[in-house]
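Everything below concerns the one structure shown next.
This structure is a prediction, so every number in the text was calculated from the model and none was measured. Here is the naming used below: chain letters follow the sequence lines, and residue numbers restart at 1 for every chain.
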Amino acid sequence: MPKILVVDDAMFMRAMLKKLLTEAGFDIAGEAETGRVAVDLYQELKPDLVMMDITMPEMDGLTALKEIVKLDPAAKVVMCTALGQERSVMEAMNAGAKDYILKPFNAEKVVEVLKNASG
Amino acid sequence: MKAEFINPFVTAGLKVLESVISARPESGQLAVRSAAFTTQQVSIVIGVTGAVEGQAIYGMSLVTATKIAAAMSSMPAMAFDEMASSAIGELGNMISGHATTLLSEAGYECQITPPTLVRGTEVEIATSTPALVIPLYTDFGKMEINVALMETGEKTATSPPRDTEKQEASDA
């Protein structure tokens with residue numbers, strides 16, 4: 001199964017996503033709580049997929065997405081953010097994100113989107 | 001502060017709470033305060049920037065916060081630890097994110113900052129505009145929404161509601 005890097009500044013969201021994705025059969029490559037750490041870990045871990053929050057301190061998800069895509073134009077990044085950040089989501093899609101998930105999320109939808117993105 | 005600025009937060013609060021605790025809350029009476037402050041034990045403070053600027057504060061008792069965090073974690077009970085704090089912060093993030101979409105649709109394009117969790121009663125946040133306050137009553141207790149926002153720029157043309165329904169769901 002694809003290896004996923006989970007990026008979210010909220011410990012709760014990282015824990016929920018890791019549990020959900022593990023149960024769905026994904027491998028967790030690692031986790032990051034800022035965009036800066038995500039970019040560093042992407043180079044180190046070379047995950048198949050990245051699940052990226054948008055609103056984060058230090059470096060937001062949009063900036064991290066752009067840096068990752070610059071490093072690896074084939075990177076598969078799915079944005080995961082609070083309902084209401086659609087403008088940022090659209091900017092992310094234009095910057096190379098494969099898809100997006102809105103919180104509060106539906107577990108089945110998360111798995112479906114990630115499987116499609118990894119295909 | 002315009003009364004219309006709190007309505008998106010009430011709408012978002014009702015919707016997100018219903019989603020995460022699987023029960024429809026009820027809203028109470030609107031009140032005005034000279035500044036944003038909370039008498040609640042746990043408060044989530046989120047900044048709003050853009051065409052309107054200020055703060056949204058979501059206050060609740062420790063018992064209510066703990067029960068909501070447990071529901072969000074699909075657990076029967078939990079202590080109000082770091083994980084519960086993170087869950088409650090995320091609740092504020094989700095409500096504010098939805099509210100700013102509604103504000104943007106009304107022509108007030110704005111963004112939110114990451115949530116800050118504050119514990120302690122009688123916490124006052126310095127604001128340059130009076131705060132509007134409205135309680136939401138849930139099966140787990142009351143959550144009080146404080147909103148202190150003021151316009152900073154030109155209102156843009158209103159936009160139609162965005163199609164976000166496809167990914168809204170009931171089980172966060």
Cluster question for you: counting only ILVMFWY and a side-chain heavy-atom cut-off of under 4.5 Å, with indirect links fine, are [X] and [Y] together?
X: L30(B); Y: F9(B); value: yes
X: L14(B); Y: I88(B); value: yes
X: M79(A); Y: M93(A); value: yes
X: L102(B); Y: L149(B); value: no
X: L62(B); Y: I145(B); value: yes

[atom1]-[atom2] distance between [X] and [Y], expressed to the nearest 0.5 angstrom:
X: S86(B); Y: R14(A); atom1: OG; atom2: CZ; answer: 7.0 Å
X: E90(B); Y: D8(A); atom1: CD; atom2: CG; answer: 5.5 Å
X: M94(B); Y: F105(A); atom1: CE; atom2: CZ; answer: 8.5 Å
X: N93(B); Y: K103(A); atom1: CG; atom2: NZ; answer: 5.5 Å
X: T55(A); Y: I46(B); atom1: OG1; atom2: CD1; answer: 9.0 Å

With only heavy atoms counted, which part of S85(B) is less than 4.5 Å from chain A, the side chain, the backbone, both or neither?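 Neither part.
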Do you know the tightest heavy-atom contact between M56(A) and P114(B)?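 Scanning both residues, the minimum pair turns out to be C-CG, 4.2 Å.
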Check this for me: M150(B), atom CE, are more than 12 non-hydrogen atoms of other residues, nucleotides or ligands nearer than 6.0 Å?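 Result for CE/M150(B): open.
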